[in-house]
Amino acid sequence: MSKTIRKAVLPVAGLGTRFLPATKAVPKEMLTVVDRPIVQYVVDEALAAGIEHIVFVTGRNKHVIEDHFDIAYELEETLSSRGKKAALGLLEDMRPAAGSTSFTRQQEPLGLGHAVWCAREIIGNEPFAVLLPDMVMKSEKGCLAQMVEAYEKNGGNVISVEEVPWDQTQNYGIIERSEPMADGTFKVTGMVEKPAPGTAPSNLYINGRYILQPEIFGLLENQATGAGGEIQLTDAMLTLMGKQDFFGVEYTGETYDCGSKAGFLAANIAYAMDNEELAAEVRPLLEKLLKN
Ligand code: G1P
């Protein structure tokens with residue numbers, strides 16, 4: 001079994017209905033947290049974990065994501081002729097290497113499991129990561145990098161989890177686990193997608209980062225619809241768990257669910273406060289607002 005994770009899947013086909021009208025013409029993944037689109041944070045997390053190739057599973061009206069990771073010829077030419085070196089450098093630094101991205105389309109919104117399955121030909125027969133771009137992770141060592149460390153030790157499949165208040169378990173995939181091992185990782189012994197209130201086996205939710213073995217694709221191909229009438233990745237993982245190990249890593253860091261308005265705003269404030277100059281301007285504004 002390969003101990004290197006080279007490829008990652010980013011499902012970016014979601015409609016972003018919770019952010020209408022902002023997401024009518026702009027993909028939700030392109031909404032900005034301070035000065036970078038959400039998807040950029042997730043790509044950076046993947047690259048920092050050693051990922052070499054990113055497969056974007058897109059949908060109609062998502063072409064600006066592709067443009068964002070390409071050369072913007074006119075813009076860059078203009079910046080260059082005006083001597084705007086810093087801005088030009090910024091664009092060059094964020095651009096993935098030529099040939100290190102692929103784009104495929106999920107033609108119908110059939111669920112996360114189906115979106116991941118759409119990447120099967122590009123991933124091929126090797127372990128891979130999945131990063132859900134709604135979740136922006138802020139930590140010293142990235143969430144996927146924390147998982148890769150566990151994967152290099154134990155192999156198998158790896159899921160990142162975090163605690164969630166019990167009254168929110170119905171919004172997520174929830175796992176059941178064994179006692180943690182010496183290094184803090186643990187075996188996942190069960191999982192359920194969006195359990196009915198009061199039925200969750202724990203309050204550890206799957207926070208949108210996975211390392212999976214390619215055998216998941218064969219299961220996704222025949223996966224019946226599950227919670228919400230969608231083809232669920234969690235259901236296929238549960239079946240794979242009958243044949244392969246699943247390890248859990250309790251993520252250390254902050255997670256901002258940018259699929260929700262509150263999480264998106266919190267991410268903006270958190271990243272703004274990280275920038276010394278911006279924080280100096282934002283802090284008094286926030287203090288004033290909080291006083292009223
Ligand atoms: C998806 C997964 C779920 C996971 C969640 C994290 O759900 O199916 O298991 O906990 O992402 O954000 P969704 O948010 O697409 O409904």
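Whatever order the structure lists them in is the order used to number ligands and atoms, beginning at 1.
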Taking [X] for its side chain and [Y] for its backbone only, find out whether a donor-acceptor pair lies under 3.5 Å.
| X | Y | value |
| --- | --- | --- |
| Asn275 | Tyr271 | no |
| Lys62 | Val12 | yes |
| Tyr151 | Gln146 | no |

Is there a polar contact between ligand 1 and Met135, counting only N or O atoms under 3.5 Å apart?
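Between Met135 and ligand 1 (N or O atoms, distance only) the closest approach is not under 3.5 Å.
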Interfacing atoms of ligand 1 (cut-off 4.0 Å, heavy-atom, [X]):
| X | result |
| --- | --- |
| Glu193 | 2 (C), 3 (C), 7 (O), 8 (O), 9 (O) |
| Lys194 | 7 (O), 13 (P), 16 (O) |
| Gln232 | 8 (O) |

Glu250/Arg177 salt bridge by N-O under 4.0 Å criterion
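Salt bridge between Arg177 and Glu250, a charged N being under 4.0 Å from a carboxylate O: yes.
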Taking the non-hydrogen atoms of Thr234, is any one of them nearer than 4.0 angstrom to ligand 1?
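Within the 4.0 Å threshold, so yes.
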Is Leu132 near ligand 1, meaning one of its heavy atoms is under 4.0 Å from it?
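It does, in that a heavy atom of Leu132 comes within the 4.0 Å cut-off of ligand 1.
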Heavy-atom neighbours of Asp93 CG exceed 12 at 6.0 Å
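Correct, the count exceeds 12.
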Tyr251 with Ile159, same ILVMFWY side-chain cluster at under 4.5 Å
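In one cluster with Tyr251: Ile159, no.
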Please report whether atom 15 (O) of ligand 1 has a protein non-hydrogen atom at a separation of less than 4.0 Å.
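Under the 4.0 Å cut-off, atom 15 (O) of ligand 1 has no protein heavy-atom neighbours at all.
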Give the residue, atom name and distance (to 0.1 Å) of the protein heavy atom nearest atom 6 (C) of ligand 1.
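Answer, as residue, atom name and distance: Ile206 O, 3.4 Å.
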